[in-house]
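Let me begin by presenting the structure, written as structure tokens, before commenting on it.
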Amino acid sequence: MDEIIRVQSNGPLSGEIQVEGAKNSALKLMAASLLIPGVTTLTNVPNIADVYVMSEALTALGVVIDSPAPHTITLDASNLTSYRAPYEVVAKMRASTAVLGPLVARSGHASVALPGGCNIGSRKIDMHISGLEILGATCKIEHGYIEALTPTGLHGMPVSLVFPSVGATENLIMAAVLAEGTTIVSNAAREPEIADLIDFLNTAGAQIEGKNTTTLTIIGVEELKPIEHRVVGDRIEAGTFIVAGCIAGGTITVSGFNPKHLGIVLDKLEQTGAVIERLDRGVRVTATDTIKPVDIQTLPYPGFPTDMQAQMMAYLTQAQSSSIVTENVFENRFMFADEIGRMGADIRIEGHYALVRGNTHLSGAPVVAPDLRGGAALVLAGLAADGATEVSNIYHVDRGYESFCEKLQSVGARVERLDRDV
Ligand code: UD1
């Protein structure tokens, strides 16, 4: 069914929203289950489309997946039956390339479709491949697939990343845990979801040192044991709702995540005048009527997350004057700016800089979600707009947000999903 999200301004928000486990962690933990010849149990797994796609990718490899309770999945990777992640699945979700490292480590052979183009920049995987080659895999690209083979197994080596790529760091960690000898990954990414992967693997018997730092030392072990693990709370889902509160006005509590994981986002929101109270497992945010402009530059963690850039830009259209947003992580991640422009925003793009004019009167309009975070940000913009905003292509939003509309409704937002022709 082709659905849209219709959103209208409805005054200040109040109440509490609970976030789910992190999409970007759950997907990698699911892939990491390939390393374990037994049943892995994950709890706090978000009920989102990307989790279903990863389940599809793993099922194609022979993993038997079940969901004995809401937000809990079991993954039995005792008997892998294939080493091929087919194009039909990888094309749906780039993150399915996370099976490359664990599959080659466990099976000695991985055949993973190249993900192809993506609408937020070229998103290459050259670092994933060159890292695996340093560990001894032979990689070649044939018929649109990366074929990775380890005739003599993987061997620990120093690997230095030219950029702290999240996906390359994760693939290398997962490849190295079962390698012979010690791998040292330098210039590693240190997003909280990577720390979650390290915790998961270490509990299963891996020996990874250097969590939360840029240098990881991975001492290969023979085998990992089945475990149960709770997925870390989703800082980006949390950040999205916090910005919703800042845009719509009022006071809301967003819980189920570690506020330290949103450090710089919360600091920037405070600089705009919002009042943020950091709680044990969440924050209470009170919006300000006089939003001060702030400049933002996206960077690898602990820098400002690129996954919060669009939501923040929507908010900054309501600031008293202009802000500059610099995107340093992805090329072409400003498609959102064109769409919000249809609502009256004035955002000028020059290379990887965006000048966001403040003091803009937003007016509701039909808009198209350009990607996952851009889609959510358009809904947030609709909270401040005059009249109804109708966001289409909301399958993007469903990829990463569970019950997005229901959660916003629960704090008083006027937002609903409708069939397109209603
Ligand atoms: C992950 C997150 C995504 C987030 C991003 C940055 C998941 C499923 N997705 O994506 O939500 O926005 O981190 O925080 O976890 N690059 C290369 N060569 C490579 C790998 C990356 O050039 O081999 C470049 C990419 O094109 C991009 C930049 O490095 O410009 C960052 O990519 P990376 O950190 O790898 O992001 P993802 O793992 O794809």
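Sequence positions, counted from 1, serve as the residue numbers for this chain. For the numbers below, each heavy atom of this structure counts, side chains included, while hydrogens, waters and symmetry mates do not. Note that the coordinates shown come from a computational prediction; the quantities given were computed from them, not determined experimentally. We count ligands from 1, going down the list as the structure has it; atoms in each ligand are counted the same way.
Residue contacts with ligand 1, taken as heavy atom pairs separated by less than 4.0 Å, do not involve Glu193 at all.
Here atom 3 (C) of ligand 1 lies nearest to Asp307 when heavy atoms of Asn171, Asp307, Asn332 are compared. Here the shortest heavy-atom distance to atom 1 (C) of ligand 1, taken over Thr169, Val166, Asn328, belongs to Val166. By heavy-atom distance, the residue among Lys124, Arg94, Glu170, Gln309 lying nearest atom 21 (C) of ligand 1 is Lys124.
The shortest heavy-atom distance from Arg333 to ligand 1 is under 4.0 Å. Every heavy atom of Glu331 sits 4.0 Å or more from the atoms of ligand 1.
Taking any N or O of Thr306, backbone or side chain, none lies under 3.5 Å from an N or O belonging to ligand 1. Residue contacts with ligand 1: Ala95 is placed with no nitrogen or oxygen under 3.5 Å of a nitrogen or oxygen of the ligand (distance criterion only). Between Met127 and ligand 1, a contact under 3.5 Å exists for at least one N or O pair. Residue contacts with ligand 1: Asn24 is placed with a nitrogen or oxygen under 3.5 Å of a nitrogen or oxygen of the ligand (distance criterion only).
For Tyr401, the ring pair (Phe, Tyr, Trp, His ring centres under 6.0 Å) test picks out Phe404, with sequence neighbours left out.
For ligand 1 and Gly167, the ligand atoms under 4.0 Å from any heavy atom of the residue are 35 (O), 38 (O). Within the listing of ligand 1, atoms 28 (C), 29 (O), 31 (C) sit less than 4.0 angstrom from a heavy atom of Phe163.
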